Amino acid sequence: MPELPEVEALRIFLDDHLAGREIDRVLPLNISVLKTYDPPLTALHGATVTGLARHGKFLDVEAGPLHLITHLARAGWLRWRDSFPAAPPRPGKGPLALCTVLTGGDGFDLTEAGTTKRLAVYLVRDPAEVPGIARLGPDPLDDAFDRDTFAALLGRERRRLKGALRDQSLIAGIGNAYSDEILHAAKMSPYLLTTDLTEDRITRLHTALRTTLDDAVARSAGLAAKDLKSEKRSGMRVHGRTGEPCPVCGDTIREVSFSDSSLQYCPTCQTGGRPLADRRMSRLLK
C-alpha cells in the first residue's frame, strides 16, 4: 500500500507535471472507484490545475475551487502517460480505473491490481467532505508535529505501538510498512503498550518516526512515478524481509501474521531476543 512517503513523492512529481496545465477530460473506467457525483467529473473539463496537496495518504489535485482526491488503497497506483490512444479504453477491462488527460495529450492513469477493489476517487469542493480526510490526525511531517505533540497523542491511548502508529485518526499517513520500519529504528517491540512508554522511549520513538519518514521522502523525491514502488521496497530494513538477516545485528527477521496483514521485526533489536507469539501460524501448524 502506498503510504505517506510515496504519496508525498507522487505529489511532488505531479506538481512538476500538472501545475498550471489544463485538463481536457477525466474518464472513469471503473465506476465503482468514484465515490462522489456532485460536482460531476465533467466539471473538471477545461479547468486549470492550480496545485497539488497531500492529506495523509490522500492525493489532492486542486483545480480552482475543485479537488480531485484519490486514495490508492492497497493495490492502486498512478501511472504517468506521455500520450493516450486515440480510442478511449473500454470501461471495466483490466486494471484501469480512471484516466485524466491534459490538453497537451499527456496525463495520468489510476490503476488497481487484483480483484478486491478499494481505490477511491472523490471530486469535492472542500477536502473535508471526504470522510477519511475529515478523520485524519496530524501530519507527522508538519513542523508542528514535535516531540511534545507526539507525547500528548500517545498519552491518550492504551494499546500496542504498532496499532497506534497505523491509526489514521491518531497520526496521518503511516501504514503497515513504515510502522515496522519506525519500530525497528526505535528498537521497540510492536507489542509494547503506549502506557509503558517512558519519557526517553517517547523521545526515541519520535526521532525514529521523523528520521524514517524524512529519509524515505528524500530517497523518493525526484523519481518518476513508475520508480517509486521499487524504491520503497529497496529502502525497507525489516518490512517484507522475513527470513533475511537484520541489517543492524544479523539476527533473522521474524514475522507475525494476521488475517489481512503481517508485521516484521528483529528479535535481537526489538524484543530482547524473544520471538513474538504468532497465534495464527500456531493454529495452522496444529
Side-chain angles (χ1 to χ4, degrees), residues 1-29 33 41 44 47-64 66-85 89 95-113 118-124 127 130 132-133 136 139-143 172-175 177-178 181 210 212-236:
M1 177 183 289
E3 299 180 29
L4 184 155
E6 293 76 49
V7 179
E8 177 65 12
L10 284 174
R11 184 197 67 79
I12 295 170
F13 175 84
L14 289 179
D15 195 45
D16 290 340
H17 288 73
L18 288 182
R21 305 282 305 278
E22 183 179 311
I23 298 171
D24 180 69
R25 60 194 184 276
V26 181
L27 303 174
L29 301 173
V33 307
L41 288 179
L44 289 171
T48 298
V49 176
T50 52
L52 275 294
R54 178 185 56 77
H55 315 278
K57 302 178 192 177
F58 291 84
L59 183 65
D60 181 355
V61 178
E62 302 170 347
L66 299 178
H67 299 260
L68 181 65
I69 295 177
T70 301
H71 190 283
L72 294 169
R74 178 168 292 182
W77 195 243
L78 183 147
R79 179 176 63 185
W80 182 260
R81 301 184 64 132
D82 293 326
S83 63
F84 287 83
L96 278 176
L98 182 138
C99 298
T100 299
V101 186
L102 306 176
T103 53
D106 52 351
F108 65 87
D109 290 331
L110 294 178
T111 65
E112 186 171 24
R118 296 178 179 172
L119 187 149
V121 176
Y122 309 80
L123 183 61
V124 294
V130 178
I133 292 178
L136 286 177
D139 193 295
L141 293 188
D142 195 299
D143 289 341
I174 300 171
Y178 285 102
E181 295 298 302
R210 289 300 298 258
T212 298
L213 296 180
D214 286 343
D215 287 352
V217 170
R219 289 195 310 269
S220 300
L223 293 179
K226 63 183 178 64
D227 298 324
L228 290 174
K229 286 185 179 180
S230 58
E231 168 53 41
K232 177 181 180 178
R233 286 192 292 267
S234 68
M236 294 288 142

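Note: hydrogens, waters and symmetry copies are ignored here, and every other heavy atom, side chains too, is used. None of these values were measured; they are calculated from a predicted model.
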_Glu22: salt bridge (charged side-chain N to carboxylate O under 4.0 Å, His left out) partners, not counting sequence neighbours_ =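 Here no residue qualifies.
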
_Residues forming a salt bridge (charged side-chain N to carboxylate O under 4.0 Å, His left out) with Asp24, sequence neighbours excluded_ =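 Result, salt bridge (charged side-chain N to carboxylate O under 4.0 Å, His left out) vs Asp24: none returned.
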
*Parallel, tilted or perpendicular: ring planes of Trp80 versus Phe13, cut at 30 and 60 degrees*: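 Judged by the thresholds at 30° and 60°, the geometry between Trp80 and Phe13 is perpendicular.
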
Minimal non-hydrogen separation, [X] against [Y], with atom names:
X      : Y      : result
Pro2   : Ala73  : CD-O, 3.3 Å
Ile12  : Ala221 : CD1-CB, 4.5 Å
Trp77  : Leu119 : N-CD1, 4.5 Å
Leu213 : Pro5   : CD2-CG, 4.0 Å

*Heavy atoms of other groups near Arg118 CZ, more than 12 under 6.0 Å*: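 No.
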
Does any non-hydrogen side-chain atom of [Y] lie less than 4.5 Å from one of [X]?
X      : Y     : result
Leu29  : Leu98 : no
Glu112 : Pro95 : no
Val130 : Phe58 : yes
Val26  : Cys99 : no

*Among Val61, Leu44, Val124, find the residue that satisfies the side-chain contact (heavy atoms from CB on, under 4.5 Å) test when tested with Leu66.*
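One option only clears the test, and that one is Leu44.
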
*Option among Leu14, Val7, Thr100, Thr111 that satisfies the side-chain contact (heavy atoms from CB on, under 4.5 Å) test with Leu78*: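 Among Leu14, Val7, Thr100, Thr111, the one that satisfies the side-chain contact (heavy atoms from CB on, under 4.5 Å) with Leu78 is Leu14.
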
_Do the side chains of Arg81 and Asp106 get close enough for a salt bridge, i.e. N-O under 4.0 angstrom?_
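Result for this pair is no, no salt bridge flagged.
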
*Taking only residues at least two apart or on different chains, which pairs with a member in residues 3-19 satisfy salt bridge (charged side-chain N to carboxylate O under 4.0 Å, His left out)?*
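Only Glu3-Lys232, Glu6-Lys232, Glu8-Arg11, Glu8-Arg54 qualify under salt bridge (charged side-chain N to carboxylate O under 4.0 Å, His left out).
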
*Check: Glu231 main-chain N/O paired with Arg219 side-chain donor or acceptor under 3.5 Å*: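 Looks like no, no N/O pair under 3.5 Å.
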
